[in-house]
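Note sheet for the following structure.
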2 protein chains.
Amino acid sequence: MGIFERRERIRKQVRADILKTARDIAREEGWQAVSIRKIADVIEYSPPILYEYFDNKDKLLETIRDEGFAYLHEELLKIKNLYRSPEKIIIEFAQVQWRFLLEQTEVFQVMFNLNGALCQSQKAYQIEFSMLNNHPIWEALAMIRPRSADAVSKTFYEWWCLTYGFLAMSVVTQPKATLTNMEPSFMESVRRFSRALA
Amino acid sequence: MGIFERRERIRKQVRADILKTARDIAREEGWQAVSIRKIADVIEYSPPILYEYFDNKDKLLETIRDEGFAYLHEELLKIKNLYRSPEKIIIEFAQVQWRFLLEQTEVFQVMFNLNGALCQSQKAYQIEFSMLNNHPIWEALAMIRPRSADAVSKTFYEWWCLTYGFLAMSVVTQPKATLTNMEPSFMESVRRFSRALA
DNA sequence: AGTATTGGTTTACAGTGTTAAATTTTTAGC
DNA sequence: GCTAAAAATTTAACACTGTAAACCAATACT
């Protein structure tokens, strides 16, 4: 009896379409151009249908943001399993971060409320700054510079703001065309940070 | 005399009132709550009057942004005239940057399109990244690490993204109450950057 | 005094997020 | 296959937004 299953499958598909459409519009016209009605137009439903899938626009953006953080975390775990050297882990992840910025710019924007994107929820940040002691980067920093847990957490915050802050400033101030030119500066900044720790 | 001057004086006052009101609303309710009508309400004019003073909302925000950059530049010049050591200039300015973030958070947000603030103009950034060779920080970096002009400009960009990026990440992810706690991390990051150059 | 200019407002348009009511479509029971 | 209940979807509406055109009243100049 696949009636429930079929419905659920369709629901999942529509939900995914909504998220994808929001990202598509944001990518091409910027987040300030993303509206409930425009999304509804593309997925060929009437606007109120979106509220069957998301409580409101903020929750929709929150989902996109969460998926962004989840993706980066997965990539980080892969790296952790590939390399032993803490410095190497930091550098490799920096490359992932940069690639993410280029390939999923619109997701990055909503992750950090940049360029008109606005998701009021602070949930993702709270999660990001709790349960640090088994965050691969936290562990890496603890290995490079063994200190108290609090001291390592402070260094973690410095790493966090350095890397994501650099990416944020780049995407905010640089036109798309010149953005790629900034990768060496980013990597150099991360290397400098890493070196200066020891 | 007096009739033109009086009119011009009033015009200047109204213009200033508009800018101040926009900042006030942004400060208390966030930039997403700043609307032409709300500003008009406060200054006790009808909405279209605002278009006598600013071409559109974007230009209004651009003005606030420009004033922010201008203020920081003035403070930087003061510091340059007070200290000789390039490291000292960088550190002192970092303190000014932090204070600016705390005291004029809403201006900082529009300067970097954070938290729903959106000014499409890229003018300020273009200015910020041109005419570098007599920017006090550029000069300081050139003194600490004498290299080609291009190499110094690259380091300047790294300083720029490190400092403003750190502030941006802090204001985006931290609640107002805990924001002040992050100053030591910020200052440590700037010192680490400065040390790692030599 | 009559006309042109200025300063300001009212009205209007197209768009926004969101909710409630109305309506259509699908399912379940006989 | 027909009807009643339930689910899915749409239409209509509200209170907003930025902005432009039309209008009005007071002032300045001839």
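Rounded to whole Å, the distance from NZ on B:K59 to C1' on D:dT19 is 16 Å. One interatomic measurement links the two molecules: CG of A:D55 to P of C:dT18, which rounds to 10 Å at whole-angstrom precision. B:E44 places its CD atom 17 Å from the C1' atom of C:dG7, with the value rounded to the nearest Å. For A:E52 and C:dT18, the CD to P distance is 14 Å, given to the nearest whole Å. Taking atom CZ of residue B:F54 and atom P of nucleotide D:dG18, one finds them 14 Å apart after rounding to whole Å. Look at CG on B:L60: it is 15 Å from C1' on D:dT17, rounded to the nearest Å. Spacing between atom CG of B:D41 and atom C1' of D:dC16 amounts to 13 Å, rounded to whole angstrom units. Rounded to whole Å, the distance from CG on B:L50 to P on C:dG8 is 12 Å.
Comparing B:R11 and A:D58 by the nucleotide of DNA chain C that holds the closest heavy atom to each, the one mapping nearer the 5' end is B:R11.
Within the cation-pi definition used here (under 6.0 Å to the ring centroid, within 45° of the axis), A:K88 qualifies as a partner of A:Y83.
Counting heavy atoms from C-beta on, the side chains of B:F54 and B:E62 never come closer than 4.5 Å.
Taking the six-membered ring for Trp, B:F186 and A:Y157 have ring centres at least 6.0 Å apart.
Using the six-membered ring where Trp is involved, B:Y125 and B:F112 have ring planes that are parallel, under 30° apart on the 30 and 60° scheme. Ring geometry, B:F100 versus B:Y71: the interplanar angle falls under 30°, so the pair is classed parallel (tilted spans 30 to 60°).
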For this session: Test B:E74 against B:K78 for salt bridge (charged side-chain N to carboxylate O under 4.0 Å, His left out), laying out the working first.
Result: CA-CA 6 Å; B:E74 284 169 30; B:K78 287 188 202 163; 5.8 Å; no

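Under 4.0 Å is where a charged nitrogen must lie from a carboxylate oxygen, and between A:K80 and A:E139 at least one such pair does. At a threshold of 4.0 Å, the pair A:K38-A:E29 counts as salt-bridged, since one of the basic side-chain nitrogens sits closer than that to a carboxylate oxygen.
Listed nucleotides: C:dT19, D:dT19, C:dG8. Nearest to the side chain of B:P47: D:dT19.
In the model, A:T178 has a side-chain atom that pairs as donor or acceptor with a side-chain atom of A:Q174 under 3.5 Å.
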For nucleotides 15-17 of chain C, give me every protein contact, N/O to N/O, under 3.5 Å, one pair per line with atom names.
{"from": "C:dT16", "atom 1": "OP1", "to": "A:S35", "atom 2": "OG", "distance (Å)": "2.8"}
{"from": "C:dG17", "atom 1": "OP1", "to": "A:I36", "atom 2": "N", "distance (Å)": "3.1"}
{"from": "C:dG17", "atom 1": "OP1", "to": "A:K57", "atom 2": "NZ", "distance (Å)": "3.0"}
{"from": "C:dG17", "atom 1": "OP2", "to": "A:I36", "atom 2": "N", "distance (Å)": "2.9"}
{"from": "C:dG17", "atom 1": "N7", "to": "A:R37", "atom 2": "NH1", "distance (Å)": "2.7"}
{"from": "C:dG17", "atom 1": "O6", "to": "A:R37", "atom 2": "NH2", "distance (Å)": "3.0"}

For nucleotides 6-8 of chain D, list the nitrogen or oxygen atoms of the protein found under 3.5 Å from its nitrogen or oxygen atoms, one pair per line.
none

